[in-house]
Peer 1: 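Take this structure, written in structure tokens, and hold onto it; I'll ask about it next.
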Amino acid sequence: MPPFFQIEISRQDGSPDPAPRPAAGSSRLVRWLPLAVFCLVHLTTSLTAAQDQPAASGKKPNVLFLLADDLRPDGLAALGNPDIKSPNLDQLVNRGFIFKNAYIFGAHIGSVCLPSRTMLYTGCHLFRKNGYGDGTTTTFPVAMKDAGYATIRSGKFGANPNDLCKPFDVNVNGYNSETNANNIIAFIREHAGKAPMFLHMASNEPHDPQFATPEYYPLYQAEKLAMPANFLPLHPFDNGEMTIRDEATVAWPRTRENITAKLARYYASISYWDAHVGRIIQALKDAGQYDNTIIIIAGDNGLSLGEQGLTGKQNVYHNGGMHVPLVFLGPGIPAGKTDALAYLMDVFPTVCDLLGTGIPKGLDAKSLAPVIMGKASKVRDTAFTCYTDVQRSLRDERWQFIRYPKINRSQLFDLQNDPHELKDLANDPSQAGKVAEFMTRLAMEQKEYGDTCLLTSANPADSKWSPPPPAPAGTK
Ligand SMILES: [Ca+2]
């Protein structure tokens, strides 16, 4: 039997809950309006609130934000990878609203986690001081505290904007999912029912070296795992970041053997994380808080695991380093999925919007609540992503265009008909107009963000690449 802490998820009435809305703020009216008018207004707003508030009690919902480290957008069984055993998170995802095309904005350094988490907590894009913004905007933890939430963040320290997380009432390094879950469960037991809770588990998993406790590794036999549809032994050209640490965790050339060995560890680490998420869910249920909790499941960046010959997050392929999982669920949130383009940093204003606490001014991130609630099909037309000064990308609803400025090379993929980016159309004469159009659109987006990276080099580097000599014995 798999050693999972299986949870059971239920709703009070089995039907979708109505949308959360701002609390009826009618108290000021008392001072200025006749009593009769006040009573009428109060009665009307109270009725509206009763219809629209989360079903549990009308109290502000708790928020549980599960942020994994390097979790791919298909990194759970319920997100499309049947090889992965993730029963607890699957139950959450199956009642959630899934953003299939969520990305991080990009990274100015190889440690993609750092700018990603910075932008997540500020809602500001990369070209505003590497995501820190100009100091005039409210951050995610501060906004939640201002809204009256008791707040805890337990998780990854190190490659992480610790200063931005200081405002959490409790901000601790949990080392691994077991200790992170322990910290959050203790916080639930202390605060449940006394104040709405913002519970942020910033897991260390499934980041390399893909930690799990021993019982999870035997769940996966490498030889039985599926390989990526767009696997290549070697990336066909130098993308500007071919040998960084993440790429060197698997030997070149990539093979079925060395890729599935990494996949097995990666999946075990996800199963380990999943089990401890299950413990947190059980603690919420035990405290009578589960039905009044909005849950967000996300990852801080994507990860190639054999796709295109890559094994890192330092690339901008649709199936690469910038593409993340993003799921919302809870009271008022319908089950469903969307192709709408989203950024991970949108979580911050989306949570504020869902809670009705007001979205801080000056953010680059946008609320996704209109999409979740079925009031809009999208909140942006394009998604721009970037990696240092060597890669730029722009995608719309159909096309993914990638530019490598140091080698003056472009790629164009028709994601509608080629979701695994198998056929590069950039040199197809019939697509010359599309390539030119995207170069122009990309430059326009750069200007909007203050990105000064030139898209064409006067002295382009040689794009040919061959792997370094094999690693010494005893290393991966
Ligand atoms: Ca990461």
Side-chain angles (χ1 to χ4, degrees), residues 65-76 79 81 84 86 89 99 102-122 125-126 130-132 140 153-162 164-165 173-177 180 200-212 241 244-250 262-263 265-274 276-277 296-307 310-327 342-348 385-388 391:
F65 181 16
L66 304 168
L67 180 70
D69 193 354
D70 288 12
L71 186 70
R72 294 158 50 94
D74 63 350
L76 300 170
L79 289 174
N81 188 333
I84 300 175
S86 48
L89 285 150
F99 283 85
Y103 301 87
I104 64 167
F105 192 93
H108 61 295
I109 52 175
S111 300
V112 176
C113 313
L114 173 61
S116 171
R117 288 162 190 254
T118 301
M119 293 184 281
L120 175 63
Y121 298 132
T122 64
H125 67 61
L126 189 70
N130 299 329
Y132 280 88
F140 197 1
R153 176 193 170 283
S154 182
K156 179 177 176 175
F157 271 28
N160 166 42
N162 292 327
L164 291 169
C165 292
N173 181 358
Y175 300 103
N176 58 39
S177 282
N180 285 323
H200 180 20
M201 183 192 201
S203 305
N204 305 63
E205 293 80 26
H207 191 288
D208 181 82
Q210 289 92 31
F211 174 78
E241 197 67 284
I244 196 167
R245 179 189 169 279
D246 293 326
E247 292 293 342
T249 56
V250 177
K262 178 149 186 167
L263 289 173
R265 289 187 64 85
Y266 185 79
Y267 296 167
S269 192
I270 292 170
S271 294
Y272 162 75
W273 169 56
D274 175 84
H276 292 287
V277 168
I296 304 110
I297 302 164
D300 68 337
N301 52 258
L303 187 69
S304 298
L305 288 171
E307 288 88 354
L310 300 173
T311 60
K313 54 214 173 199
Q314 294 83 6
N315 71 80
V316 296
Y317 284 111
H318 170 65
N319 297 293
M322 306 298 150
H323 193 179
V324 296
L326 181 58
V327 183
Y343 283 125
L344 178 65
M345 63 180 174
D346 294 337
V347 167
F348 168 19
T385 54
C386 59
Y387 178 70
T388 67
Q391 299 170 28

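Both ligands and their constituent atoms are indexed starting at 1 by order of listing.
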Peer 1: Answer yes if the side chains of K262 and T311 hold a donor-acceptor pair under 3.5 Å, and no otherwise.
Peer 2: no
Peer 1: Testing the 3.5 Å rule here: is there a donor-acceptor pair between the side chains of Y317 and H323?
Peer 2: no
Peer 1: Using distance alone, with no hydrogens and no angle criterion, decide if Y387 and E241 have a side-chain donor and acceptor under 3.5 Å apart.
Peer 2: yes
Peer 1: Report, as a single number, the protein N, O or S atoms less than 3.0 Å from the Ca ion (ligand 1).
Peer 2: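 For the Ca ion (ligand 1), the figure is 6.
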Peer 1: Applying side-chain hydrogen bond (donor to acceptor under 3.5 Å, both in side chains), name anything that partners D300, two or more places apart in sequence or on another chain.
Peer 2: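 Testing D300 for side-chain hydrogen bond (donor to acceptor under 3.5 Å, both in side chains), a comparison that skips the adjacent residues, returns R117.
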Peer 1: What residues form a ring pair (Phe, Tyr, Trp, His ring centres under 6.0 Å) with Y267, not counting sequence neighbours?
Peer 2: Y220
Peer 1: Taking ring pair (Phe, Tyr, Trp, His ring centres under 6.0 Å) as the definition, give me every residue that meets it alongside H125, ordered by chain and number, with sequence neighbours left out.
Peer 2: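 So H125 forms a ring pair (Phe, Tyr, Trp, His ring centres under 6.0 Å) with F105, Y449.
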